[in-house]
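We number each residue from 1, following the sequence as shown. Heavy-atom basis, side chains included; hydrogens, waters and symmetry copies ignored.
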Amino acid sequence: MMKSEVGLIIYIPPVKWVGNSGVVVVVCFERRLLTRLNSLMQTPRKRSETGPTDYFPTEEARATTTLLQIPLVTCFLLQARRAHKSLAMVTNLVLALLVVAFISFRGAESRKARLLDSFEYSAINCRAHTASLTDFGGVGDGTTSNTKAFKDAIDHLSQFASDGGSQLFVPAGKWLTGSFSLTSHFTLYLHKDAVLLASQDMQEWPVMKPLPSYGRGRDAAAGRYSSLVFGTNLTDVIITGNNGTIDGQGAFWWQNFHKGKLKYTRPYLIEIMFSNSIQISNLTLLNSPSWNVHPVYSSDILVQGITIIAPISSPNTDGINPDSCTNTKIEDCYIVSGDDCVAVKSGWDEYGIAFGMPTKQLVIRRLTCISPYSATIALGSEMSGGIEDVRAEDITAIHTESGIRIKTAVGRGGYVKDIYVKRMTMHTMKWVFWMTGNYGSHADKNYDPNALPVIQGINYRDMVADNVTMAARLEGIAGDPFKEICISNVTIGLAPKAKKVPWTCTDIEGMTSGVTPRPCDMLPDQGPEKITSCDFPPENIPIDLVQLKMCSFGMSYV
């Protein structure tokens, strides 16, 4: 064993005879040097009768090279062509080989290095260690299961959590996989041509207990399948890429759901639980079995630059669902789905009341939504832990059932308060504003009929809509009216076949200013001097103050 100043480890075992193939030599390299060395092995060199080219990288050497993976180094098993050479000569030859390799690394070769894979991205943290899924047996052919490869890679990289963190690179290809779990101080990075394909083998989807704030699965009373990309009790987790794709292949699940064949709740694409410092960015999510992105019981969350697409008829394919989360930012996302584009939640009936974890400090910006059967932004219906301080701005909705929807019911308890929405543009809507206190859909029959939700401090301003069937449907709860509703500077253009009465209001209280068409009497116009009412709080929430870092990584060959 010997170690050079550059950290190279060379190990020459006793000479062994393997048939007629000659002397066996093992050369071990630190993992960080492996990429360049492996690339060098693929570069043809002029052969000679003696010297390192007899061993590397001749056709014989490439054909008989074996990788032996160990935690910090990677070893090559090489077979020399001349069995009669002495161990001393073999040692000299290997040393000469290494000199040639390092001269090449330092630019002495006339050929210039060419980039094989490189990427740069912004993130809450950069990583000191990187590996590729192919290092752990990953096969991107679209048919080979990579569930074990993901698990092995993440398990190996978890050792670097306290040493600068790690990132797993998913190269171009189609990577079939079942559910796998992430680790802390970790980045999952998808190449722009990488596609994670969700397995349709239900054996690759572990079953979990219901969420404690829900008491049961959303689809069925039993548990739920683990999400495709999952994590719990983590810190500093990034799921990103150069618009790489995660395809849930949801048709399989939708069909079984409609046929009543599922014993457990369908999996989501991404779910992170009981965690903090989370970034989910620059990805395309397709055909999720159910919800797409579900941070739950977590804090300090950034969801940015996500494209979500599912058939508009697909069941419960919500886009982004912050659930009992604090300090969250959702921005620059494009969503086409069969359910709410963003659904803000915090637990269901008596289970959410008992768990008591609200969603608060939520910012939603520059969202574009298409969802003909659901809402652009929904608050509830599972809101029993409370929802407060939600700020949405610069929102575009196209051919979507409703702009902002508040969903609750007797038995929910909890509250929805201090909601602020401004600069929203809507085209072809059924309703612009919809609030209902009669949503129903209870977890079980044990809910408390005296648990009444509190809905107050709802502020909408600076909006325009066209081709609208009905301006608003606002229905509070008898004896429990929705209060402090403020709507200002809103112009709604009705469709040719719009409802004759554009506003319906029951059990609500509030005011308006500069709203067309004229609102219902329960929302009296306070005159133009109130046009600036319903405004945002002036201070930022903490997630807005987070500064992203520029991270980079490159793989090269000569």
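Side chain of Ser552 to main chain of Glu120: no donor-acceptor pair is present (N/O by atom type, distance under 3.5 Å, no hydrogens or angles). In this structure, Thr436 contributes its side chain and Glu475 its backbone to no donor-acceptor pair below 3.5 Å. Without hydrogens or angle criteria, Thr284 side chain to Thr245 main chain gives no donor-acceptor distance under 3.5 Å. A donor-acceptor pair under 3.5 Å is formed between the side chain of Ser184 and the backbone N or O of Thr235. Between the side chain of Ser298 and the backbone N or O of Ser275 there is at least one donor-acceptor pair closer than 3.5 Å.
For Asp135 and Ser132, the side-chain atoms include no donor-acceptor pair closer than 3.5 Å. Asn256 and Arg266 share no side-chain donor-acceptor pair at under 3.5 Å. Side-chain atoms of His185 and Asn125 include no donor-acceptor pair closer than 3.5 Å. Tyr214 and Asp323 share a side-chain donor-acceptor pair at under 3.5 Å. For the 3.5 Å distance criterion, the side chains of Asn467 and Thr428 qualify, holding a donor opposite an acceptor. Ser226 and Ser179 share a side-chain donor-acceptor pair at under 3.5 Å. Side-chain contact check for Thr240 and Ser281: at least one donor-acceptor pair (N or O, by modelled atom type) lies under 3.5 Å. Using modelled atom types and a 3.5 Å distance limit, the side chains of Asn282 and Asn243 yield no donor-acceptor pair. Side-chain contact of Asp300 with Asn327: a donor-acceptor pair under 3.5 Å is present, judged by distance alone. Side chain to side chain, Thr317 and Asp339 fail the donor-acceptor criterion of an N or O pair below 3.5 Å. Counting only N and O atoms by type, the side chains of Thr130 and Gln167 include a donor and acceptor under 3.5 Å apart.
Arg423 and Asp394 are joined by a salt bridge, as a carboxylate oxygen and a charged side-chain nitrogen come within less than 4.0 angstrom of each other. Electrostatic pairing of Lys148 and Asp155 does not count as a salt bridge here, judged by no charged N lying under 4.0 Å from a carboxylate O. Using a 4.0 Å cut-off between charged nitrogen and carboxylate oxygen, Glu382 and Lys345 count as a salt-bridge pair. One finds no salt bridge joining Asp444 and Arg216 here, because no Lys/Arg side-chain nitrogen approaches an Asp/Glu carboxylate oxygen to under 4.0 Å. Salt bridge Asp544/Arg391: absent, no basic N to carboxylate O contact under 4.0 Å.
Below 30°, between 30° and 60°, or above 60°: for Trp431 and Trp434 the angle between ring planes is between 30° and 60°, a tilted geometry.
Residue Gly319 comes nearest to Ile335 through the heavy atom pair CA-CG2, 4.2 Å, listed as atom of the first residue, atom of the second, then distance. The two residues Trp175 and Gly140 make their nearest non-hydrogen contact at CZ3-N, 3.1 Å. Pairing each heavy atom of Thr400 with each of Cys369, the nearest pair is OG1-O, 3.3 Å.
Checked options Phe536, Phe433, Tyr420; the residue passing with Tyr460 is Phe433 (criterion: ring-ring contact (aromatic ring centres under 6.0 Å, His included)). For the pairing with Leu285, the side-chain contact (heavy atoms from CB on, under 4.5 Å) check across Leu196, Ile246, Ile320 returns one residue only, Ile246.
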Apply salt bridge (Lys or Arg N to Asp or Glu O under 4.0 Å) to residues Asp535 and Arg461 and explain how you reach the verdict. CA-CA 7 Å; Asp535 210 358; Arg461 63 165 295 175; 3.5 Å; yes
Check the pair Asn321, His294 against side chain to side chain donor-acceptor pair (under 3.5 Å), reporting the backbone distance first and the verdict last. CA-CA 5 Å; Asn321 290 12; His294 185 223; 6.0 Å; no
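The shortest side-chain heavy-atom distance between Arg412 and His442 falls under the 4.5 Å cut-off. Taking the side chain as every heavy atom from C-beta outward, Tyr439 and Arg405 approach each other to under 4.5 Å. A heavy-atom distance below 4.5 Å is not found between the side chains of Ser290 and Arg218. In this structure the side chain of Ile270 never reaches within 4.5 angstrom of the side chain of Asn292, judged on heavy atoms. Contact annotation: the side chain of Val344 approaches that of Val342 to within less than 4.5 Å [non-hydrogen atoms, C-beta and beyond]. Between Ser346 and Met357, every side-chain heavy-atom pair lies at or beyond the 4.5 Å cut-off.
Applying the salt bridge (Lys or Arg N to Asp or Glu O under 4.0 Å) rule to pairs touching residues 200-213 yields nothing, sequence neighbours excluded.
Evaluation of the salt bridge (charged side-chain N to carboxylate O under 4.0 Å, His left out) rule for Asp318 yields no partner, not counting sequence neighbours. By the salt bridge (charged side-chain N to carboxylate O under 4.0 Å, His left out) test, Asp236 is found to be paired with Arg127, residues two or more places apart in sequence or in another chain being considered.
Taking the six-membered ring where the residue is Trp, the centroids of Trp253 and Tyr225 are separated by under 6.0 Å. Aromatic ring centres of Phe180 and Phe230 lie farther apart than the 6.0 Å criterion allows. Ring centroids of Phe136 and His156 are separated by less than 6.0 Å, placing the two rings close together. Taking the six-membered ring wherever Trp is involved, the centroid distance between the rings of Phe119 and Phe169 falls below 6.0 Å.
The structure places SG of Cys341 at 9.0 Å from CD1 of Ile377, a figure rounded to the nearest 0.5 Å.
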